[in-house]
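Each remark here refers to the structure printed beneath this line.
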Amino acid sequence: MMAVASIRSVFAGRTFAQIGLVWLAFVALAAIFSPLIAPFDPYEIDPIARLTEPGWPHLFGTDHFGRDSFSRALYGARMTVLIGLGAVIVALLTGGLVGMLSAYFTRLGHVLMRGVDVLMAFPALLMALVLMTLLERSVMNTIIVIGVVYATTTARILFGMTLKLKGEVFVDAAVCSGAGHASILFRHILPNLVSPLLVQASFIFAFAQLQAAALDFLGLGLPPEVPSWGNMLSEERIYVTRAPWLLIFPGALIILSVFSMNLVGDAMRDSIDPRFKDDIAGV
Amino acid sequence: MSAQPLLDVRDLKVHFRTRGRTVRAVDGVSFDIAPGEVLGLVGESGCGKSTVGRALTQLERATAGQALFEGQDILSMSRRQFLPLRRHIQMIFQDPYASLNPRLTVAQTLSEPLFIHKIARSRKDAQARIAETLDLVGLGPEAMTRYPHEFSGGQRQRIGIARVMILEPKLVIADEAVSALDVSIQAQVLNLIKKLQRDSGMAMLFISHDLGVVRHISDRVAVMSAGKIVETGDKSAIFEAPQDAYTRRLLDSIPRIMPLKETS
Amino acid sequence: MALLDVENLEISIRFGHELLPVVRGVSFSVDENETLGIVGESGCGKSLTALAIMGLLEGSGVRVTGGRMRFGGRDLLAMSADERRHIMGNDMAMIFQEPMTSLNPVYRVGDQIIEALQQHRNLSRRAARRRAIELLDLVRIPEPDSRVDSFPHQLSGGQRQRVMIAMALSCDPKLLIADEPTTALDVTVQKEVLDLMLDLQKRTGTAIILISHDLGVIAETCNSVAVMYWGRLVETAPTDALFETLAHPYTRGLLHSIPAIDRDVDWLDAIPGRVPTIGEQIAGCPFHPRCPRAESRCRHEVPQPREIAPGHLVECHFPYGGDR
Amino acid sequence: MLFYTIKRLLALIPTLLAATMLVFLFVHLIPGDPASILLGDTATPEEVAALTRELGLDEPLWTQYLIWLGNVLQGDLGTSVFFGTPVLTVIADGAETSILLATMTMVWIVLFGVPIGIVSAMNKGRWIDQITSGGAMLFASIPTFWLGLYLILLFAVGLGWLPSSGFPSLTDTGGVTNLRYLILPSLTLAAPNAALIIRLVRASMLDVSREDHVRTARAKGLRPSRVAIRHIFRNALISVTAAFGFTFAALVSEAVVTETVFSLPGIGRLVVQSILRRDYPVIQGVILVIVVLYMFINLLVDLAYARLDPRISLK
């Protein structure tokens, strides 16, 4: 009940963020139910129906293999959610943990955060590219690579936020009550980080989409046959003059989803503890 | 002064190293507190009075010196060794808004020390003790399920005091415990602290910058300046016949209201 | 006519689509050489009143919704923004509570004083700098010649507040509004800063409005006092008269709440209940839930100001010293 | 200030060394024999043996690193498998394009980002702010390559105003007018970054405008525009400057994509092509150059930051 009320208050009066939320709900539904909704098999090649214009039965037209773009787009929603959530989880589990522990255990933190500094010297996409050269192109590897790339930023952010909370009087009070390290970290500090983490997660989700699309475009992301919005753009870009719809639809889908996620993150950011606002890396 | 002080602090030093500079926050402070006695520690901002309190609760590591609590040196103890003693040495903090975890209900906050120190055997037992303690500080049992943001500053400070009293400590360190409160609320909380101290017979180190408040609550007073205690004595001696020049200047600086004629 | 005349001032805060009055029916006046103290607890509206007089409410969702303010005979509320700005920092100046944050950290203190000077006086930069050094000397900053080039973080809290005073005095204001000017300072520094302000007032005749939560500071500094509670002036009187009669139960309760420095009192005579928050609704007299003298009339009827002695106004149905 | 600069420079050394170690290890993480990897598939066993000896590849990893670092410090980044020329020359060939592209992009970012951000902040909540800050967020949500493709479609293919791809050097025929080849790429690259700067300038200015000293400035009777520029923007500039380091990192990332879209002969496209060609010495060299450059840019940002904020440099 309380959660519902707070979601209402966060998005009250923010028409665009509300629309964004609705759109993201659509994407999520499409991701879950794509096998049921998709009118065609996204992998099915039809050499006769190559590059057909949008219409019936191919709502978004077909690509140069004659695959149904609408069905591929629906399955693409799946990749979007998978990569977004996957990257968030990887980033939070690795970077988040490193950042939090580093801030709490100062000595360990000194060493770990220097390591993070070193990794931060590698620009995000460059790091992703390098890692992808070492790994095979697969969905799992793409998720891991993007997650790892954002792990450094996440570590930095959580380091800063945990440090602030560690200096809080209620943490001192818990120490005086005799609370141990685990209790302070997970009972007193972590619950206070949940809302800023949600905000950060929404921005990582959005960034991850753009990174994944860029990797797909460079031919270093998901395997080319996998239906993702980035691959749809990348595979069909040479047909842009002959069949512009092939780029309009997946492009619009990416932009809408990233924009929605950013709007949602922005709305949530305004509702969190103002002390954490500067720590968040977002749009 | 009784033969065996409850707390005997000898030559306490707390130095901080920042950017190659050493800040001598506390630089050789000695005092003692008898059981049931209230010692006021007064001084201006940055004189190190809060650091003394933080060192005695191990929130800050002492650089040198001893603090004998019932004969045992608490400064040299490890975190683990000190744990059982925390029950007897408790702290009330200044900021009632920051000293309660916003994500925990009052009952959760108050039950934490009970379970850590194994005072409550069951949830039911804990509930009963919490209700009792809340009553002691002037709050009803309905406060238990509520979160800190639902209370006013004065009420939050009462919750902070309840967290301390629930352990029935022998020594309470009150660090600017009423400084953040409005005057009318400050009076209520001061009365409460004084009553609880008298009823329970606990000793107290009352740290404050406010001389009036210190006079009101203390038996003896120590005046601190630049990391050192410049004068210690019974409160009447300190306030009526200060010996040290700094104490005199401090007392002279306080704005006074002319003695009022009682009209009613 | 007084230098500043505030009549029936009402200030409201926007809550959603509604305007909620938070300061109501506030009237007082200040003249040259006078110091008026406004005292009250947090959220009573004393700072809002100060900002309203100064004209600094704009843009914060808070605005003046009623009453009149006349400064030097001119209606402040009828002025255009440009006219208001011409008075701000010139005829009327203000110093704030937090000396640590009230100066811009990236500019030298001298430049910040010079900026104030050049805004209202046609001075060359060199002349302005000379004047800035004079001002720093006036507020007793040691070595003003070199301190003029210091950054705010290189000064102590007390020194920063002196710089604020120098800046406020730079254009010889007729009225100085000081909002909790010493609250963030230690008592020894507080005394120096207050002495400085009164000393300067003696020389220039500047009227001062001193806002504080500290009755002691008010008692030692002001000619007259206005006690504020929940957005209303509950008692206004010359300082001596106020502390002699303590007519309003709140004024009396406030004084009794302060632990005395020169007497031992066993228990404080505290006001029960809590300080009402600014958006709260209270019917009748705003103080009645906490008042020892409250009767049924207090719960229903808002007391109107009445004069119990010349210049001594009380908003109470049953004031002390009054006929019951 | 000089002392501060030296301090920062010294603090850079350990990070720099650690980063070079990672770059060095990169080749060793690739499955297979490092010498064969560095020489490509066509190498003869003799060549492999020679390189193994030269780089000390049969020695412990630590020694290998020192040998490699020694070579790097002498400007020897190895030889490109694909081109057969020194890696440094290959990188230098791409440098002109990339530097010009980066400079032009930076000009756009500052030119659009800062003023629009100021206007947005000064009109907080009004329609002009909603359009600019909402628009900025939209631009930050567009994939770079998609924007590039459509700019090509519109301005090159459709209107024919600007060239769609490639970049002849400024020393070729056309001279400075060849810069027109970089207009579309630099705009593409600038769009998301300018959008971020707009958002940042706006957010920082709104933060600063709530600070006490701004109220002091207003109490002096200063005009709102003067308060906005001299007090709010000037202080907001401190955090905006700090963000320029991140902007560089973002630029590098997006330049990889942009140069590919517009087929520019720059370092970004070189990375992608080298990855596809498995030209590991070039990949390693480019990463090293970019990481070192990035660190120095961060140093410059730090110094600029210290200059803007007297609380830092004078401590």
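Residue numbers start from 1 in every chain, and the chains themselves are labelled A, B, ... in the order their sequence lines are given, proteins ahead of strands. Since the structure is predicted, the reported quantities are computational estimates derived from the model, not experimental observations.
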*Output the distance between atom CG (A:Leu126) and atom CD1 (D:Ile290), rounded to the nearest 0.5 Å.*
5.0 Å
*A:Phe16 CZ: over 12 foreign heavy atoms closer than 6.0 Å*: no
*Might you work through the side-chain contact (heavy atoms from CB on, under 4.5 Å) test for A:Ile248 and D:Tyr150, ending with a clear yes or no?*
CA-CA 10 Å; A:Ile248 294 272; D:Tyr150 278 89; 3.3 Å; yes
*Name the option with the most non-hydrogen atom pairs under 4.5 Å to chain A; the candidates are D:Val23, D:Leu138, D:Val272.*
D:Leu138
*What residue in A:Leu256, A:Thr241, A:Val130 has the most heavy-atom pairs under 4.5 Å with chain D?*
A:Val130
*Side-chain donor/acceptor of D:Trp146 to backbone N/O of A:Leu247, under 3.5 Å*: yes
*After noting the C-alpha distance and the side-chain angles of D:Asp207 and A:Lys277, does the key distance pass the salt bridge (Lys or Arg N to Asp or Glu O under 4.0 Å) rule?*
CA-CA 10 Å; D:Asp207 278 350; A:Lys277 266 180 209 172; over 6 Å; no
_Top of A:Pro250, A:Gly219, A:Ser234, A:Pro123 for chain D proximity - count of heavy-atom pairs under 4.5 angstrom_ = A:Pro123
*asked:* Please classify the contact of D:Phe246 with chain A as side chain, backbone, both or neither, using a heavy-atom distance under 4.5 Å.
replied: side chain
*asked:* Taking side chain as everything from C-beta outward and backbone as N, CA, C, O, which of these in D:Met137 sits under 4.5 Å from a heavy atom of chain A? Side chain, backbone, both or neither.
replied: both
*Taking atom NZ of D:Lys124 as the centre, report whether more than 12 heavy atoms of other residues, nucleotides or ligands fall under 6.0 Å from it.*
no
_Approximate separation, where rounding is to 0.5 Å, of A:Ile255 CD1 and D:Ile142 CD1_ = 4.5 Å
*Mind checking the OG-CZ spacing from D:Ser253 to A:Phe122? Nearest 0.5 Å is all I need.*
12.5 Å
*Could you state the interatomic distance from CZ (D:Arg278) to OG1 (A:Thr133), rounded to the nearest 0.5 Å?*
7.0 Å
*Going through the checks in order, is the side-chain contact (heavy atoms from CB on, under 4.5 Å) test met by D:Arg199 and A:Asp266?*
CA-CA 11 Å; D:Arg199 303 275 308 169; A:Asp266 188 49; 3.1 Å; yes
*Applying side-chain contact (heavy atoms from CB on, under 4.5 Å), run through A:Phe217 and D:Thr144 and close with a yes or a no.*
CA-CA 10 Å; A:Phe217 171 79; D:Thr144 322; over 6 Å; no
*So A:Asp117 and D:Thr15, side chain to side chain donor-acceptor pair (under 3.5 Å) or not? Walk me through it.*
CA-CA 7 Å; A:Asp117 280 347; D:Thr15 322; 5.8 Å; no
_With rounding to the nearest 0.5 angstrom, report the CD to CD distance, D:Glu254 to A:Gln211._
8.0 Å
*Specify which of D:Ile283, D:Val261, D:Ile198 makes the most heavy-atom pairs with chain A at under 4.5 Å.*
D:Val261
_For D:Tyr294, which atoms come within 4.5 Å of any heavy atom of chain A: side chain, backbone, both, or neither?_
side chain
*For the atom pair CD1 (A:Ile238) and CG (D:Leu149), what is the distance rounded to the nearest 0.5 Å?*
11.5 Å
*Which one of D:Ile275, D:Leu276, D:Val252, D:Val257 has the most heavy-atom pairs closer than 4.5 Å to chain A?*
D:Ile275
_Could you walk me through whether A:Leu119 and D:Leu22 satisfy the side-chain contact (heavy atoms from CB on, under 4.5 Å) test, starting with their C-alpha distance in whole Å, then the side-chain angles of each, then the deciding distance to 0.1 Å, before giving a yes or no?_
CA-CA 9 Å; A:Leu119 290 178; D:Leu22 283 183; 3.6 Å; yes
*asked:* Testing the basics here: between A:Val283 and D:Ala140, what is the closest heavy-atom pair and its distance to 0.1 Å?
replied: CG1-CB, 4.0 Å
